[in-house]
Amino acid sequence: MPRGRLGLMSENRFDPSQADGRWQHAWAEAQCFEADSNSPKPKSYVLEMFPYPSGRIHIGHVRNYTMGDVLARYKRMQGFEVLHPMGWDAFGMPAENAAMEKGVHPGGWTRENIANMKAQLKRLGFALDWSREIATCEPDYYGQEQALFLDLYESGLVYRKESAVNWDPVDQTVLANEQVIDGRGWRSGALVEKRKLSQWFLKITDFAQDLLDGLDGLENWPDKVRLMQENWIGKSTGLQFHFRGSNFDEEIEVYTTRPDTIFGASFVAVAAEHPIAHALADTDHMAAAFIEQCRAGGTTAAELETAEKLGYDTGLKVTHPFTGHELPVWIANFVLMEYGTGAIMAVPGHDQRDFDFATKYDLPIPRVIAPSEADAAKPFANGEAEPGDGVLVNSDFLNGLSIEDAQVAVVNRADHEGWGHGKTVWRLRDWGVSRQRYWGTPIPFIHCGTCGVVPVPKDQLPVVLPEDVDFATPGNPLVRHPTWKHVDCPKCGAKAERETDTLDTFVDSSWYFLRFASQPADKPFDRDELAKWLPVEQYIGGIEHAILHLLYARFWTRALQHIGLIDFAEPFASLFTQGMVTHETYSRVDPANGQPIYFSPGEVDRSGEGAVLQADGSPVDIGRVIKMSKSKKNVVDPDDIIDQYGADAVRWFMLSDSPPERDLPWSVSGIEGCGKYVQRLWRLFGQYDAGAEGEDKALDRKTHQTIAAIADDIEGLGFNKAVARLYELTSAIEKAKPSASRSTAIRTLVQLVSPMMPHLAEEGWVAIAGEGLVAEAAWPEVDPALLVEDEVTVAVQVKGKLRDTLTVAKGLPNAELEALALASEKVQRILDGAEVRKVIVVPDRLVNIVA
RNA sequence: GCGGGCGUGGCGGAAUGGUAGACGCCGGGGACUUAAAAUCCCCUGAGCUUUGCUCGUGCGGGUUCGAGUCCCGCCGCCCGCACCA
């Protein structure tokens with residue numbers, strides 16, 4: 001094999017410890033990845049969800065960012081001006097926890113983490129525009145966020161109301177729901193109290209319909225995410241009406257989505273938290289005990305679904321608006337105070353929960369829907385309600401109507417007679433953004449004794465978080481800071497106090513993608529600059545953000561459009577949610593407490609049948625293959641594997657084998673295989689011979705087919721398929737004899753792998769004497785003429801079973817194909833003289849002979 | 001309970017209704033080497049009476065000339081959830 005120009009490739013092996021850093025430096029020097037918004041090229045905005053700076057990059061980040069990087073580099077090669085930025089979701093509780101545990105400052109801790117993680121990302125060679133880096137904890141970011149918050153306040157989308165929080169009386173702090181474990185503070189173990197505080201809210205419910213409608217247009221979002229958002233928004237339409245008390249002087253307001261079944265109502269049920277239940281509890285200690293029992297029950301959906309339906313008969317009666325019959329009022333554990341009115345009309349015949357309840361307490365179960373009017377007396381089968389379709393029966397003026405028509409009729413009648421009205425109910429509630437925390441964006445308001453709540457004038461922004469705080473004493477450091485909160489009222493000049501709540505960090509991540517595209521010093525963004533880049537062409541991140549982050553970002557974008565600051569409603573044109581990186585776990589049960597003790601893969605020998613702890617040679621239990629997490633010790637550290645195999649092998653592994661939306665099981669043999677492939681390519685690049693002559697048509701075809709296929713694969717984010725094709729092309733080139741075609745193929749291969757293995761590709765680019773950096777080279781051109789084969793292999797089937805294959809010229813007429821197939825020796829033997837009844841010919845694909 | 005997704009070799013996975021198992025990993029055999037590593041070549045779904053044949057994509061049916069792919073009914077696993085009236 002003739003040796004090509006070796007250039008830097010003087011070693012026998014590709015040495016990532018030398019090459020990676022050298023090329024990373026070269027890219028930075030050339031500023032290749034800095035996005036120019038004034039470029040005449042078409043724009044492409046590729047974004048991965050920015051990380052929380054916890055201290056170390058996680059392997060899941062590596063997978064996420066590698067996918068985005070391949071797309072960003074590919075787009076650049078295709079002639080786009082690419083915006084591919086990175087930043088830090090830098091506010092949040094872990095920094096405060098670290099401050100309390102280790103006595104460090106949240107700011108110092110966060111900034112140190114950012115520095116470490118940035119270095120880790122750089123080691124992976126990501127094509128990121130670091131000139132646009134953002135950290136949400138810096139005043140130049142959150143100050144602009146404060147300005148936007150004030151704009152939304154002025155437009156009426158921000159308001160205050162009383163709302164309950166989880167209060168930890170020992171730590172003197174408000175807890176997030178996930179910090180409350182079995183009713184106790186996660187750190188202090190103290191019983192958590194509910195406290196009412198005046199808090200800030202954003203009117204996301206104003207946009208409920210719009211957010212729901214917008215989902216239809218998001219065709220390039222996963223259906224799963226759209227469905228999750230739809231369910232979260234939770235629109236339902238129905239009838240709200242009241243029952244008049246017949247033995248008490250009050251009305252009970254109920255909401256139903258099935259007004260058609262109103263004649264089937266046999267009782268009314270109210271939530272344990274309903275005012276009527278509370279009022280009753282004052283005089284009826286049995287009722288009080290029942291309410292207490294409901295409160296103690298489980299809270300998860302699965303628990304509630306399987307929990308027994310329980311109720312308490314209040315003795316109160318109401319009058320049915322149509323029949324005039326008396327219906328009993330029960331307190332029921334399955335009715336929620338937070339939804340609708342906290343009271344329902346129960347229709348046991350056509351709702352399973354009502355059915356279970358009625359059966360238990362021996363309440364009537366009338367039928368008002370039946371397959372036909374003749375089935376009006378049909379009994380219910382073995383304990384099952386019939387929520388499905390049918391016609392109305394036993395329902396007076398509704399008899400014979402469809403469910404839809406009956407609903408309209410009942411709503412109209414209620415409206416007309418004034419005892420009810422049609423109503424749309426949403427599950428979505430307004431977004432509470434107040435956090436009683438230090439490490440977040442200060443909410444830019446001032447509380448004045450005479451003027452009330454006054455916005456901080458924009459020229460006094462940013463309201464900077466003080467850095468001189470202590471965490472030695474419990475409680476919010478902002479509240480007890482000696483000077484920070486004391487200010488003069490901007491309106492009247494009297495002594496006043498700053499708001500000490502900070503914003504939910506989901507606010508920070510609701511507009512960072514805008515700030516990446518445009519970051520002027522004097523305003524949040526420039527609208528014309530945004531128009532050049534937004535919406536994000538491809539957004540990539542974890543499925544765990546399917547609802548909150550993605551819904552809040554959609555809302556925030558709409559809200560900014562609503563107040564006239566931007567010109568688009570949807571922030572992310574395409575969304576992709578990638579799978580997790582997984583590994584099996586190794587553990588033993590600790591005899592002392594019955595809890596598992598986990599061991600890291602490095603401590604375990606897995607070469608034999610089971611798994612053995614190297615330290616003592618005794619077996620450990622092999623657990624399921626699950627997401628890598630520190631607590632289960634089934635982790636690999638990106639830095640370690642980059643040290644061992646180099647950035648390109650790690651990137652290659654992240655793209656190989658598993659489809660990107662599925663989980664990727666980590667394996668040592670897998671990463672070793674990737675490392676070998678890197679070296680194999682290196683050797684192949686070294687074989688480049690600029691002077692080789694002659695044409696290899698078959699190889700030319702393979703090369704061009706691969707260029708086209710990989711472009712399709714990358715655009716569809718099918719990285720695992722692209723990887724398989726690159727292996728195929730590599731093998732084909734290795735097997736080919738020297739020729740000009742082969743040299744071209746090697747050159748093409750360098751370009752094709754460059755989005756995935758950029759460091760190796762730069763070395764290869766030098767080896768083939770490519771001009772400039774391959775990072776700035778163009779994607780190879782495809783010759784359409786070479787995409788088609790001139791010979792095809794045709795399957796020959798007899799009665800659908802493969803019996804032979806034929807290699808024929810492409811486009812051979814059906815009749816000739818049929819004749820060739822029938823002439824096949826193997827076919828004749830199988831047919832064994834049987835009469836051919838039918839022949840199906842699919843041109844260039846197959847012939848099926850039916851005998 | 002409800003909603004969504006997924007079941008293909010020892011493993012990860014390919015496959016517009018048209019040659020099931022591409023590609024990678026593991027494993028086996030061979031070449032090179034004093035030896036090893038590295039590398040290269042070959043084999044590698046199961047079974048059988050092995051010039052070939054039969055079976056085979058979770059299970060049972062169906063549609064079709066032809067089904068991993070479409071339809072119906074099950075089973076199993078995973079994810080999400082809010083008893084939403």
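Labels below follow one simple rule: chain letters A, B, ... track the order of the sequence lines, proteins then strands, and each chain is numbered from 1.
- Nearest heavy-atom pair, A/A343 versus A/I252, reported as atom, atom and distance to 0.1 Å: CB-CG2, 3.8 Å.
- With B/rC53, B/rG3, B/rU19 as the candidates, the nucleotide lying closest to the side chain of A/R829 is B/rC53.
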Pull out every protein N or O sitting under 3.5 Å from an N or O of nucleotides 24-31 of chain B, one pair per line with the distance.
| from | atom 1 | to | atom 2 | distance (Å) |
| --- | --- | --- | --- | --- |
| B/rC25 | O2' | A/S669 | OG | 2.8 |

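- Backbone-only engagement by A/R258 is indicated by non-hydrogen atom pairs under 4.0 Å involving sugar-phosphate atoms exclusively.
- Base orientation of B/rG9: syn, the glycosidic angle falling within 90° of 0.
- A side-chain hydrogen bond (donor to acceptor under 3.5 Å, both in side chains) with A/Q407 is found for one member of A/T256, A/T237, A/D260 and no other, namely A/D260.
- Distance A/Q679 CD to B/rC40 P: 11 Å, rounded to the nearest Å.
- Ring geometry, A/F322 versus A/W419: the interplanar angle exceeds 60°, so the pair is classed perpendicular (tilted spans 30 to 60°).
- Residue A/N333 places none of its side-chain N or O atoms closer than 4.0 Å to OP1 or OP2 of B/rC83.
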Quick one: which protein N/O atoms are closer than 3.5 Å to N/O atoms of nucleotides 64-71 of chain B? Pair and distance per line, please.
| from | atom 1 | to | atom 2 | distance (Å) |
| --- | --- | --- | --- | --- |
| B/rC65 | O2' | A/N848 | ND2 | 3.3 |
| B/rC65 | O2 | A/N848 | ND2 | 2.5 |

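- We find the CD-CZ distance between A/E251 and A/F243 to be 11.5 Å, quoted to the nearest 0.5 Å.
- Under 4.0 angstrom from either OP1 or OP2 of B/rG13 there lies at least one side-chain N or O belonging to A/R662.
- Put simply, the side chain of A/R651 gets close to the backbone of A/P755: a donor and an acceptor are under 3.5 Å apart.
- Listed pair A/R683 / B/rA38 fails the phosphate criterion, with no side-chain N or O lying under 4.0 Å from OP1 or OP2.
- Atom NZ in A/K801 sits about 17 Å away from atom P in B/rG52, given to the nearest Å.
- In terms of position along RNA chain B, the nucleotide closest to A/P665 lies nearer the 5' end than the nucleotide closest to the other residue of the pair A/T256 and A/P665.
- Residue contacts for A/N720: at a heavy-atom cut-off of 4.0 Å it reaches the sugar-phosphate backbone alone, with no base atom in range.
- The base-pairing partner of B/rC25, taking Watson-Crick or G-U wobble contacts with both distances under 3.5 Å, is B/rG10.
- A salt bridge is defined here as a Lys NZ or Arg NE, NH1 or NH2 lying under 4.0 Å from an Asp or Glu carboxylate O, and A/E728 with A/K702 meets this definition.
- You'll find that the side chain of A/R845 is closest to B/rG18, out of B/rG18, B/rG13, B/rC83.
- Across all strands shown, A/V335 has heavy atoms under 4.0 Å from base atoms, whether or not it also approaches the sugar-phosphate.
- With rounding to whole Å, A/L655 atom CG is found 14 Å from B/rC23 atom C1'.
- OP1 or OP2 of B/rC84 lies within a sub-4.0 Å distance of a side-chain N or O belonging to A/R353.
- Computed from coordinates, the A/W232 CH2 to B/rC81 P distance equals 8 Å when rounded to whole Å.
- Within the nucleic acid shown, A/R803 comes within 4.0 Å of sugar-phosphate atoms alone, with no base atom in reach, counting heavy atoms only.
- Within 4.0 Å (heavy atoms only), A/T341 reaches no atom of the nucleic acid at all.
- Within the shown strands, B/rG80 is the pairing partner of B/rC2 under the Watson-Crick or G-U definition, both distances less than 3.5 Å.
- Taking side-chain N and O atoms only, A/K224 has no distance below 4.0 Å to OP1 or OP2 of B/rC78.
- One interatomic measurement links the two molecules: CG of A/D844 to C1' of B/rU19, which rounds to 14 Å at whole-angstrom precision.
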Apply ring pair (Phe, Tyr, Trp, His ring centres under 6.0 Å) to A/F357 and A/W330, showing your working.
CA-CA 10 Å; A/F357 191 90; A/W330 288 67; 5.5 Å; yes
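- Nucleotide B/rU39 forms a pair with B/rA31, judged by Watson-Crick or G-U wobble geometry with both contacts under 3.5 Å.
- Under 4.0 Å is where a charged nitrogen must lie from a carboxylate oxygen, and between A/R258 and A/D351 no such pair does.
- Here the separation of B/rC81 from B/rG13, taken at their P atoms, is 24 Å to the nearest Å.
- Under a cutoff of 6.0 Å and an axis angle of 45°, A/R427 and A/Y339 do not form a cation-pi pair.
- Taking only distance into account, the side chain of A/K721 never meets the base of B/rC23 through a donor-acceptor pair shorter than 3.5 Å.
- Between A/D223 and A/R226, at least one side-chain N (NZ, or NE/NH1/NH2) sits under 4.0 Å from a carboxylate O, which counts as a salt bridge.
- Base pairing of B/rU51: no nucleotide in any strand meets the Watson-Crick or G-U wobble criterion (both distances under 3.5 Å).
- Checked against a 6.0 Å centroid threshold, the rings of A/W426 and A/Y255 do not count as neighbours.
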